[in-house]
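The structure appears right after this line, and notes come after that.
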Amino acid sequence: AQSVTQLDSHVSVSEGTPVLLRCNYSSSYSPSLFWYVQHPNKGLQLLLKYTSAATLVKGINGFEAEFKKSETSFHLTKPSAHMSDAAEYFCVDSGAGSYQLTFGKGTKLSVIP
Amino acid sequence: NAGVTQTPKFQVLKTGQSMTLQCAQDMNHNSMYWYRQDPGMGLRLIYYSASEGTTDKGEVPNGYNVSRLNKREFSLRLESAAPSQTSVYFCASSEAMGTPQDTQYFGPGTRLTVL
């Protein structure tokens with residue numbers, strides 16, 4: 001069964017510094033990977049998705065993620081953190097044509113003024 | 001275009017009571033899903049509906065039932081609520097499950113507490 005591992009449960013950065021949220025997947029086939037963001041007491045919003053067309057995926061709000069098959073990773077980055085980025089981030093794998101999303105346990109991002 | 005809407009936003013039940021969570025989408029999606037979110041566990045699939053007229057169990061279906069009322073609406077029913085069902089419930093929809101890169105869109109959630 002596929003699994004998704006988010007390596008940090010909590011990341012804290014200063015405003016204006018880079019953000020790195022790490023995710024590893026275990027699919028043996030080509031995965032379909034997503035990052036979702038959840039602000040406090042809100043639903044999940046899609047940040048970006050890997051479509052296999054390009055290994056570097058650009059999302060909303062300046063986020064991007066790079067798919068690295070050799071490392072089975074799909075890390076999320078942003079050059080400069082903003083206070084509004086404080087939220088929980090979920091890395092998700094839907095497998096190859098599968099309906100069932102496999103969620104990582106989430107990384108809570110704190111942004112210090 | 002509201003996307004996925006859920007009612008109610010909050011609910012408190014006593015053990016043994018029943019209730020139905022409502023979900024509707026206006027994106028003309030074929031597939032709909034119910035998840036629960038518990039601290040430190042991500043989201044877990046309760047039930048899903050691939051298309052109007054079909055429903056299937058997900059990872060954690062015990063204690064729940066669902067109805068796909070029409071293409072827009074998918075409800076989740078707790079027949080006899082238990083404290084273990086205290087959670088945040090999310091409904092989601094997607095264009096066509098099983099297709100590569102099919103993307104699920106989530107509602108705002110229902111926070112349920114069972115005393």
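Numbers restart at 1 for each chain; the letters A, B, ... are given by sequence-line order, proteins then strands.
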Subject >> Residue part contacting chain A, namely of R111(B), when any heavy atom lies under 4.5 Å >> reply: side chain

Original post:
Do the non-hydrogen side-chain atoms of Y33(B) and L101(A) ever get within less than 4.5 Å of each other?
Top reply: no

Original post:
Hey, quick one: are L76(A) and I60(A) part of the same hydrophobic cluster, counting side-chain heavy atoms closer than 4.5 Å, chains of contacts allowed?
Top reply: yes

Subject >> Atom CD of Q17(B): over 12 foreign heavy atoms under 6.0 Å >> reply: yes

Original post:
Do Y35(B) and M19(B) belong to the same hydrophobic cluster, where Ile, Leu, Val, Met, Phe, Trp and Tyr are linked whenever their side-chain heavy atoms lie under 4.5 Å apart, directly or via other members?
Top reply: no

Original post:
Would you say F74(B) and L112(B) are hydrophobically clustered, going by side-chain heavy atoms of ILVMFWY under 4.5 Å?
Top reply: yes

Original post:
Out of curiosity, R44(B) CZ to T102(A) OG1, how far, rounded to the nearest 0.5 Å?
Top reply: 13.0 Å

Subject >> F90(A) versus Q37(B), closest heavy-atom pair with distance >> reply: CZ-NE2, 3.4 Å

Original post:
Checking heavy atoms, do the side chain of L44(A), its backbone, both or neither come under 4.5 Å from chain B?
Top reply: both

Subject >> NZ (K105(A)) with more than 12 external heavy atoms under 6.0 Å >> reply: no

**OP:** Please answer: with hydrophobic residues joined when any side-chain heavy atoms are less than 4.5 Å apart, are V19(A) and L48(A) in the same cluster?
**Re:** yes

**OP:** Would you name the heavy atoms of F34(A) and D102(B) that are closest together and state the gap between them?
**Re:** CZ-O, 3.5 Å

Original post:
Measuring from L45(B):CG to F103(A):CZ, what's the distance to the nearest 0.5 Å?
Top reply: 9.0 Å

Original post:
Could you walk me through whether L43(B) and V92(A) pass the side-chain contact (heavy atoms from CB on, under 4.5 Å) check?
Top reply: CA-CA 10 Å; L43(B) 273 71; V92(A) 182; over 6 Å; no

**OP:** Might you work through the side-chain contact (heavy atoms from CB on, under 4.5 Å) test for F106(B) and Q38(A), ending with a clear yes or no?
**Re:** CA-CA 10 Å; F106(B) 287 80; Q38(A) 184 180 28; over 6 Å; no

Subject >> In one Ile/Leu/Val/Met/Phe/Trp/Tyr side-chain cluster, 4.5 Å: V4(A), V11(A) >> reply: no

